[in-house]
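Since this is a predicted model, take the numbers as computed values, not measurements. Residue numbers run from 1 in the order of the sequence given.
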Amino acid sequence: MNQQLAAILPLETLQSGGAGPLYLKLRQSLEEAILSGKLKQGDALPPERDLADYANVSRVTVRKAVDDLVRDGLLVRRHGSGTFVVRPVSRVEQSLSRLTSFTEDMVRRGLNTRAEWLERGLFQPSPDEMMTLGLAAGALVARLGRLRIADDMPLAIERACVSAEFVPDPLAVTSSLYSALEKKNARPVRAVQRISACNIKEPDAAMLGVSVGAAGLSIERVSYLSSGRVVEFTRSLYRGDTYDFVAELTIPEQ
Ligand code: 16G
C-alpha cells in the first residue's frame, strides 16, 4: 500500500512548502494527483486510515482535506463503498434556441457519446403520457431511458416517451432517438422546454458520479411535428456542474 501511495503522493511534496495547515498540504497533493491523472476518474481513494499512516497525520486532518475536495467536486463519497475521484469537467454550452439532439450536440464538440440503457421497450402508457402524447385508447408508448455519457463522463439521465406509432421497435434504437424518428419522418420541428433547479438524489447521484445533493437541472421537453402533434415527451436530469444553457434574447417588435 505504501508503494502505491508513494506513486500517487510523493512524501517530498507533502512535506515541502514550509508552514501552513497540514490538511491544506494534503489537499494540494491529492488535487495534484487528480489533475495530473495519477488518480483517475472513478479510482477509489485509499482508505483514510492508510492515508493518515502514510502521511503521518491524524485521521481528522485527512478527513478535512477530503471534505474540501468533495466540496469542490473533485471527489465523491459513496455511502458504504468509499470515496472516488471525479474528473474535473469542462462545461458544455447548450443553446436554448436550437432544437438539436444530444448526439448532434456532442459530435459538434468532438466528443464520443455512448449510452447505458436504463429502460427500453413498449408499455401501457401512464395517464400523464397518454395526455401529453395525445394517445388514443389502447395505444402503446415506447419508453427509452438512458444514462448519457460523453467521453466517458456521465452527463445526464434522459427518459423519453414516444408513441409506439413512431418507434414501434424500441430495441432497434441503438444510438440517436432523433435519427430513428427522422427515418420515420417524425423528427420534431419545435419543442417547449421547461428547466428547473434540483438537488440530485440517489440512485441518480451514483449513476451521474456526483455527491448526493449536488446541483442538477431537471428538464422536460415536449416536442412537436409540423402538424402540431406531440412526438416526444422527455424528462431529463443534467449535472449542474457540466451544463450552461444559453438563450439569446431580443427586444420584442413594437
Ligand atoms: C436531447 C433532448 C432530448 C432528446 C435527445 C435526443 C435536452 C434537454 N433533451 O438530449 O429531449 O430526446 O436530445 O437525442 O436537450 P439523441 O437523438 O441523441 O437520442
Side-chain angles (χ1 to χ4, degrees), residues 91-151 153-196 207-208 216-239 242-250:
R91 297 180 73 88
V92 170
E93 241 182 51
Q94 165 82 59
S95 163
L96 275 177
S97 50
R98 285 208 316 266
L99 180 54
T100 49
S101 76
F102 185 90
T103 309
E104 290 163 347
D105 289 338
M106 296 305 134
V107 166
R108 199 170 328 109
R109 293 185 178 93
L111 302 176
N112 291 313
T113 56
R114 63 188 173 86
E116 272 171 31
W117 287 94
L118 309 173
E119 184 177 43
R120 184 168 32 162
L122 293 178
F123 298 86
Q124 298 284 351
S126 67
D128 227 20
E129 289 167 338
M130 228 169 144
M131 213 169 69
T132 312
L133 296 174
L135 299 180
L140 293 179
V141 67
R143 289 192 196 135
L144 303 125
R146 289 174 282 178
L147 173 66
R148 312 220 59 171
I149 302 165
D151 270 6
M153 163 95 56
L155 288 186
I157 295 170
E158 287 196 332
R159 295 180 185 278
C161 338
V162 179
S163 162
E165 189 186 325
F166 303 124
V167 178
D169 178 11
L171 290 181
V173 181
T174 48
S175 54
S176 167
L177 168 62
Y178 277 17
S179 55
L181 289 172
E182 199 160 345
K183 285 188 197 129
K184 286 257 159 206
N185 265 333
R187 183 172 168 134
V189 296
R190 184 173 76 82
V192 176
Q193 196 159 285
R194 179 184 295 270
I195 305 179
S196 51
M207 278 194 268
L208 290 170
L217 294 164
S218 165
I219 306 179
E220 273 187 18
R221 181 185 281 192
V222 177
S223 309
Y224 300 82
L225 299 176
S226 54
S227 64
R229 174 152 180 211
V230 172
V231 62
E232 168 202 15
F233 173 38
T234 297
R235 278 171 282 209
S236 317
L237 175 63
Y238 277 71
R239 281 172 54 158
T242 55
Y243 259 78
D244 287 326
F245 284 93
V246 181
E248 186 184 300
L249 310 176
T250 52

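- When all heavy atoms of S175 and R146 are compared, the pair lying nearest together is O-NH1, 2.9 Å.
- L99 has its side chain within reach of P188: a pair of non-hydrogen atoms, C-beta onward, lies under 4.5 Å apart.
- Two residues are said to be in side-chain contact when any heavy atoms from C-beta on lie closer than 4.5 Å; F245 and I195 meet this criterion.
- Checking side-chain atoms of R221 against main-chain N and O of A191 turns up no donor-acceptor pair under 3.5 Å.
- A distance of 8.5 Å separates CE of M106 from OG1 of T113, quoted to the nearest 0.5 Å.
- A heavy-atom distance below 4.5 Å is not found between the side chains of I149 and L155.
- Side-chain contact check for V173 versus V167: some heavy-atom pair is nearer than 4.5 Å.
- The two residues L171 and R120 have their closest heavy-atom pair at O-NH1, 3.5 Å.
- The pair R229-E165 meets the salt-bridge criterion, with a side-chain N (NZ, NE, NH1 or NH2) lying under 4.0 Å from an Asp/Glu carboxylate O.
- The two residues P154 and L147 come nearest to each other via the heavy atoms CB-CD1, 4.1 Å.
- Contact between V189 and L225 at its shortest, heavy atoms only, is CG2-C, 3.7 Å.
- For S176, the side-chain hydrogen bond (donor to acceptor under 3.5 Å, both in side chains) test picks out S179, with sequence neighbours left out.
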### Message
Run the side-chain hydrogen bond (donor to acceptor under 3.5 Å, both in side chains) test on E232 and Y178 for me, step by step, so that the C-alpha distance in whole Å, both residues' side-chain angles and the decisive distance to 0.1 Å come before the verdict.
### Response
CA-CA 10 Å; E232 168 202 15; Y178 277 17; 2.6 Å; yes
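- For T242 (side chain) and R239 (main-chain N/O), a donor-acceptor pair under 3.5 Å exists by modelled atom type.
- Residues passing the ring pair (Phe, Tyr, Trp, His ring centres under 6.0 Å) test with F102, sequence neighbours excluded: none.
- Contact of the V222 side chain with the T132 side chain is registered, since non-hydrogen atoms from C-beta on lie closer than 4.5 Å.
- Relative to the six-membered ring of F123, R143 meets both conditions, a distance below 6.0 Å and an angle of at most 45° to the axis.
- Here the OG atom belonging to S236 is positioned 10.0 Å from the CD1 atom belonging to I157, to the nearest 0.5 angstrom.
- Here the closest non-hydrogen pair linking L133 and C161 is CD2-O, 3.8 Å.
- Residues L118 and M207 form a side-chain contact, since some pair of their non-hydrogen atoms from C-beta on lies under 4.5 Å apart.
- Here the side chains of I219 and R235 are not in contact, with every heavy-atom distance at 4.5 Å or above.
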### Task
Report the C-alpha separation of L217 and L237 in whole Å, then their side-chain angles, then the decisive distance to 0.1 Å, and conclude whether the side chain to side chain contact (heavy atoms under 4.5 Å, CB included) test is met.
CA-CA 6 Å; L217 294 164; L237 175 63; over 6 Å; no
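- A distance of 11.5 Å separates CD of E248 from CG of L96, quoted to the nearest 0.5 Å.
- The main-chain N or O of D151 is never found under 3.5 Å from a side-chain atom of N112 such that the two would form a donor-acceptor pair.
- Nearest heavy-atom pair, P170 versus L144, reported as atom, atom and distance to 0.1 Å: O-CD2, 4.1 Å.
- Side chains of Y238 and E158: a donor on one and an acceptor on the other come within 3.5 Å.
- Remark: R187 CZ to L177 CG distance equals 9.5 Å, nearest 0.5 Å.
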#### Entry: Verdict with reasoning, Q193 to E220, per side chain to side chain contact (heavy atoms under 4.5 Å, CB included)
CA-CA 6 Å; Q193 196 159 285; E220 273 187 18; over 6 Å; no
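- By the 4.0 Å N-to-carboxylate-O rule, R148 lies too far from D105 to be salt-bridged with it.
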